[in-house]
Amino acid sequence: MIKFDIISGFLGAGKTTLVKKVLQSLNSDEKIVLIENDFGEINVDRETLGIEGFEVYELSNGCVCCKLKGDFLLTLKQILSQNVDRIIFEPSGIFILGEIFDIFKDPEISCKCFINSVTTVVDAQNFSKHQQGYSGFFENQISYASTLVISKSQFLNLEQVLEVEEGLRTINLTAPIISKDWSKLSNQDISNFLNVNPEYTLHESKLFLAHNFDSLGLKTSRILGVEKLKTILETCKNGGYGGVVRGKGIVNTGNRFYEFNYVDGQYSISESTDATTGIVSFIGKNLNKDKLTAIFK
């Protein structure tokens, strides 16, 4: 039977970073396939994960729990016809996790594949904000998790991390919570949360939420200096491009490429050593798409 591991989490929680850690920790003898679902029109994570050299199936411009459900079903059946040991699925940040279980009622899938683990990444820095502003998506992903992995804990003190853990426990009573700094996550830690739940219980989903988010994604050849990129992200923070919740991308600064990540007013910029093309994606509410497009096109 093929293992199906889900690595979920709200927008900007750090799912792709954890996926990379998982890939680095797993047995190299395993044949592993990734399925990437991005709500935006263009998948930035597909570009960065493709650099890692793993086979990646991309589903963009919608969510597999609604608009792309049929596409996901066909993609999964295609993968299951191959010689594969493990499938890692990174859904959109506004994914309704409970909806995935309907797909595993299909006998053509359930006879070849089973849900091995459901890991939900939780952004410690934005826990309260996301719980208050997006409680439906946020709490659904937490409640269905077999393991909860807290990200960005290194930016909080111990008392703040404990408060996040207490908040998680009110939503999910049983899932183990991993809150250590990710730089200290061992291969054994990762193996534990991937493989300690071999009989994960399928649940019925009774929650239906509208995806009332805007998205903009595009490839860009525009050369932007780091300082200009910082100005753009500060404008996002101040609402100049609408209610940007999540932004990510790779831009050419002239002599090298830089990757940026923006989550609810917090952002980071780092050099990307392997990138060869510019690509950006923004998700939020009431986005000013014309302004954003004008900057990057």
Side-chain angles (χ1 to χ4, degrees), residues 9-17 19-20 34 36-52 56-63 67-68 90-95 123 125-126 129-130 133-134 152 211-297:
F10 193 66
L11 298 167
K15 298 184 295 297
T16 304
T17 300
V19 167
K20 289 181 179 180
L34 308 178
E36 282 285 315
N37 172 218
D38 198 308
F39 183 76
E41 297 96 324
I42 198 163
N43 196 324
V44 175
D45 295 332
R46 169 65 179 85
E47 297 292 327
T48 58
L49 283 168
I51 291 168
E52 301 293 318
V56 183
Y57 287 78
E58 176 185 357
L59 296 167
S60 297
N61 198 20
C63 188
K67 182 179 178 182
L68 299 180
E90 181 186 346
S92 158
I94 48 178
F95 178 66
D123 181 345
Q125 284 185 302
N126 292 293
K129 183 187 295 186
H130 288 168
Y134 313 100
K152 308 174 189 177
H211 292 94
N212 56 342
F213 287 81
D214 296 328
S215 66
L216 172 71
L218 47 88
K219 293 196 173 184
T220 175
S221 58
R222 179 71 62 89
I223 294 176
L224 296 169
V226 173
E227 290 304 315
K228 175 62 176 177
L229 182 56
K230 288 180 180 177
T231 300
I232 294 168
L233 297 177
E234 283 292 332
T235 304
C236 289
K237 182 177 178 178
N238 296 327
Y241 304 123
V244 178
V245 177
R246 178 74 168 115
K248 55 188 173 182
I250 299 168
V251 297
N252 186 352
T253 64
N255 56 354
R256 65 194 66 184
F257 285 85
Y258 276 81
E259 182 176 351
F260 70 88
N261 275 286
Y262 174 96
V263 184
D264 269 344
Q266 299 165 334
Y267 61 85
S268 63
I269 302 172
S270 58
E271 186 175 350
S272 178
T273 56
D274 297 311
T276 58
T277 186
I279 183 171
V280 298
S281 176
F282 294 89
I283 299 174
K285 296 189 176 183
N286 301 313
L287 295 182
N288 192 323
K289 296 183 181 182
D290 290 340
K291 279 188 177 181
L292 285 168
T293 300
I295 289 169
F296 291 103
K297 275 295 189 181

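What's counted below: heavy atoms across the whole structure, side chains too, no hydrogens, waters or symmetry copies.
- Annotation: side chain of D214 is in contact with side chain of K289 (closest heavy-atom distance under 4.5 Å).
- Proximity of H130 to D123: side-chain heavy atoms (C-beta onward) are separated by under 4.5 Å at one or more points.
- Side-chain contact between L229 and F260 is present, with at least one heavy-atom pair separated by less than 4.5 Å.
- Here the side chains of R246 and V263 are in contact, with some heavy-atom distance below 4.5 Å.
- Looking at F257 and V251, their side chains never come closer than 4.5 Å, going by heavy atoms from C-beta outward.
- Distance OH/Y258 to CG/N252: 11.5 Å, rounded to 0.5 Å.
- At a cut-off of 3.5 Å, with distance as the only test, a side-chain donor of Q266 or N126 sits close to an acceptor on the other residue.
- The CG atom of N261 lies 7.0 Å from the OG1 atom of T17; values are rounded to the nearest 0.5 Å.
- In this structure, the side chain of Y241 does not engage the main chain of V244 through any donor-acceptor pair within 3.5 Å.
- Separation of atoms NZ (K219) and OG (S281) is listed at 13.0 Å; rounding is to 0.5 Å.
- Atoms NZ and CD, from K152 and Q125 in turn, are 5.5 Å apart once rounded to the nearest 0.5 Å.
- Of all non-hydrogen atoms in T220 and I279, the two that sit nearest each other are CG2-N, 3.8 Å.
- Because its NZ or CZ atom is not both nearer than 6.0 Å to the ring centre of Y267 and within 45° of the ring axis, K237 does not count as a cation-pi partner of that residue.
- Considering OG1 of T253 and CD of E227, their distance stands at 11.5 Å, rounded to 0.5 Å.
- Counting heavy atoms from C-beta outward, I250 and T277 have side chains that stay 4.5 Å or more apart.
- Under a 3.5 Å cut-off, the side chain of N288 and the backbone N or O of G242 do not form any donor-acceptor pair.
- The CD1 atom of I269 lies 9.0 Å from the CD1 atom of I232; values are rounded to the nearest 0.5 Å.
- When side chains are defined from C-beta on, V245 counts as touching D264, because their heavy atoms get closer than 4.5 Å.
- Side-chain contact between L218 and T293: present, with at least one pair of heavy atoms (C-beta onward) separated by less than 4.5 Å.
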Stepwise side-chain contact (heavy atoms from CB on, under 4.5 Å) check, K285 with F213 = CA-CA 5 Å; K285 296 189 176 183; F213 287 81; 4.0 Å; yes
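- A pairwise comparison of heavy atoms in S272 and A275 identifies OG-CB, 3.3 Å as the closest pair.
- The local environment of NZ in K228 is sparse, with at most 12 non-hydrogen atoms from other residues, nucleotides or ligands closer than 6.0 Å.
- Taking the six-membered ring where the residue is Trp, F296 and F282 present tilted rings, their angle falling between 30° and 60°.
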